[in-house]
Protein chains: 2
Amino acid sequence: MSVHMRPSQALRLWQETALDEVRSGHPDLSFRQAAILLTIYLDPPPHTIRALAARLGVTKPVITRALDTMGAMNLVSRHRDPDDRRNVLVRRTVEGALYVERFGDRIVAKAAGLPL
Amino acid sequence: MSVHMRPSQALRLWQETALDEVRSGHPDLSFRQAAILLTIYLDPPPHTIRALAARLGVTKPVITRALDTMGAMNLVSRHRDPDDRRNVLVRRTVEGALYVERFGDRIVAKAAGLPL
DNA sequence: GAAAACGGATACGGTTCCGAAACGTTCAAC
DNA sequence: GTTGAACGTTTCGGAACCGTATCCGTTTTC
């Protein structure tokens with residue numbers, strides 16, 4: 001990864017990005033929801049409820065509820081696994097991909113504008 | 001213009017930090033709460049409810065409630081302004097300062113690709 | 001001194017979330 | 001077939017949070 005920054009820069013970056021996010025009027029995501037969303041979009045599929053719960057170190061209902069909420073926002077979608085109908089596969093959506101992409105771009109822009 | 005990263009690095013950094021935060025067992029902060037906390041710790045005081053609400057572009061009850069929650073976590077404290085007793089001044093706490101400091105250190109470590 | 005303006009907290013009805021436990025469905029083993 | 005495990009969801013009581021509106025104490029204005 002090898003990105004170099006000082007703690008004060010990291011904190012300022014986080015603050016400005018959070019402020020940006022709040023003011024954008026987007027629904028207020030929690031750390032948990034952000035972790036789930038980014039894992040779905042950055043880690044290779046397939047993503048099951050159980051695997052996500054293990055990755056975050058939380059219980060399955062936490063994932064189910066977070067997906068309910070983010071599904072209502074059209075950020076993710078759920079589909080039954082045809083090969084094993086017990087599984088639910090969590091997939092990306094166009095809207096979610098756009099959101100994640102813009103989010104990354106905003107962080108980069110903020111980082112570039114940080115004072116030395 | 002001091003911190004350089006690509007969008008994929010920014011997103012990965014955010015994911016790993018969020019995962020770290022979730023797994024730490026700390027209470028699950030929202031973007032709003034994080035924005036408030038970091039603003040109190042990074043911007044120069046004094047911090048009033050009204051000013052924080054304006055900075056985040058949200059209503060006053062949002063700030064009041066977030067401070068209730070974070071006050072219960074001992075991350076911030078409230079004090080009446082002796083000069084104008086209508087004002088409430090939001091101040092840092094030792095515990096909050098420690099939390100913010102460690103948070104910044106963790107981001108830096110993740111960015112460098114090093115274990116903490 | 002009375003009235004208006006200000007700053008923050010509170011009340012309200014509603015949604016989301018929590019952890020723990022129980023539930024239905026689906027698959028695998030025997 | 002029947003049993004047992006696996007997967008995700010739902011339930012429960014309780015807590016936190018939402019936006020809007022209102023309330024209370026304080027300060028300012030006239």
Side-chain angles (χ1 to χ4, degrees), chain A residues 18-19 21-37 39-40 45-91 96, chain B residues 18-19 21-37 39-40 43 45-91 96 99:
Chain A
L19 282 173
E21 188 64 21
V22 170
R23 286 193 286 237
S24 75
H26 280 124
D28 191 31
L29 293 182
S30 68
F31 269 102
R32 284 181 173 186
Q33 292 172 322
I36 295 171
L37 186 64
T39 296
I40 293 168
H47 300 289
T48 65
I49 308 293
R50 174 165 188 72
L52 288 170
R55 183 116 167 84
L56 272 76
V58 298
T59 59
K60 289 186 293 177
V62 167
I63 305 296
T64 293
R65 283 185 291 249
L67 292 182
D68 287 345
T69 307
M70 293 194 291
M73 302 174 191
N74 288 318
L75 295 177
V76 297
S77 66
R78 279 189 270 211
H79 305 271
R80 279 281 165 199
D81 182 350
D83 294 340
D84 183 344
R85 296 184 45 74
R86 290 174 300 181
N87 288 335
V88 165
L89 304 179
V90 184
R91 294 216 297 252
Chain B
L19 283 173
E21 188 64 21
V22 170
R23 286 192 286 237
S24 75
H26 280 124
D28 191 31
L29 294 182
S30 66
F31 269 104
R32 284 181 171 185
Q33 292 172 322
I36 293 171
L37 186 64
T39 296
I40 292 167
D43 289 3
H47 299 289
T48 66
I49 308 293
R50 176 168 188 69
L52 288 170
R55 183 117 167 83
L56 272 78
V58 298
T59 59
K60 291 184 292 178
V62 167
I63 306 295
T64 293
R65 282 185 293 246
L67 292 181
D68 288 345
T69 307
M70 293 194 290
M73 301 174 190
N74 288 318
L75 295 177
V76 297
S77 67
R78 279 190 269 211
H79 305 271
R80 278 284 164 196
D81 182 350
D83 294 339
D84 183 341
R85 296 184 46 74
R86 287 174 300 184
N87 287 335
V88 164
L89 303 179
V90 184
R91 294 217 297 253
Y99 176 87

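By convention in this document, chain letters (A, B, ...) are assigned in the order of the sequence lines, proteins followed by strands, and residues within each chain are numbered from 1. Keep in mind that what you see is a predicted model, and the values were worked out from it rather than measured.
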Could you give the side-chain donor-acceptor pairs of residues 49-61 of chain B under 3.5 Å, partners two or more places apart or in another chain?
| residue | atom | partner | partner atom | Å |
| --- | --- | --- | --- | --- |
| B/Arg55 | NE | B/Asp43 | OD2 | 2.7 |
| B/Arg55 | NH2 | B/Asp43 | OD2 | 3.0 |

Subject >> B/Leu29 to B/Tyr99 - nearest heavy-atom pair and separation >> reply: CD1-OH, 3.5 Å
Residues that [X] engages under side chain to side chain donor-acceptor pair (under 3.5 Å), provided they are two or more places apart:
| X | value |
| --- | --- |
| B/Thr64 | none |
| A/Asp81 | none |
| A/Asp28 | B/Ser30 |
| A/Ser24 | A/His26 |

**OP:** Please list residues of residues 57-67 of chain B whose heavy atoms come under 4.0 Å from any atom in DNA chain D, ordered by number; otherwise none.
**Re:** B/Pro61, B/Val62, B/Arg65
Got a sec, which residues hit salt bridge (charged side-chain N to carboxylate O under 4.0 Å, His left out) with [X], two or more places apart in sequence or on another chain?
| X | result |
| --- | --- |
| B/Arg85 | none |
| A/Asp68 | A/Arg78 |
| A/Arg91 | none |

Spacing between [X] atom [atom1] and [N] atom [atom2], to the nearest angstrom:
| X | N | atom1 | atom2 | answer |
| --- | --- | --- | --- | --- |
| A/Met73 | D/dC18 | CE | C1' | 12 Å |
| B/Phe31 | D/dC18 | CZ | C1' | 18 Å |
| A/Arg78 | D/dG8 | CZ | P | 10 Å |
| A/Leu29 | D/dC18 | CG | P | 13 Å |

**OP:** Assign B/Arg80 to base, sugar-phosphate, or nothing according to its heavy-atom contacts below 4.0 angstrom with the strands shown.
**Re:**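 No contact at all - B/Arg80 keeps every heavy atom at 4.0 Å or more from the nucleic acid.
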**OP:** Would you indicate what A/Ser30 reaches in the nucleic acid, counting non-hydrogen atoms under 4.0 angstrom: base, sugar-phosphate, or nothing?
**Re:**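 Contact class for A/Ser30: none.
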Subject >> Nearest-nucleotide comparison on DNA chain C, the residue closer to the 5′ end among B/Arg50 and A/Gln33 >> reply: B/Arg50
Original post:
Is the backbone N or O of B/Ile40 less than 3.5 Å from a side-chain atom of B/His47, with the two atoms forming a donor-acceptor pair by type?
Top reply: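 Checking the backbone N and O of B/Ile40 against the side chain of B/His47, a donor-acceptor pair under 3.5 Å is found.
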Subject >> Segment of DNA chain C, first to last nucleotide, that comes within the 4.0 Å heavy-atom reach of chain A >> reply: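 Listing 5' to 3', DNA chain C meets chain A from C/dT16 to C/dC27.
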Original post:
Going 5' to 3' along nucleotides 24-30 of chain D, which nucleotides have protein heavy atoms under 4.0 Å from the base (write B), which only from the sugar-phosphate (write S), and which from neither (write -)?
Top reply: -BBS---
**OP:** Please list, chain by chain and in numerical order, all residues satisfying side-chain contact (heavy atoms from CB on, under 4.5 Å) with B/Pro46, sequence neighbours excluded.
**Re:** B/Leu89
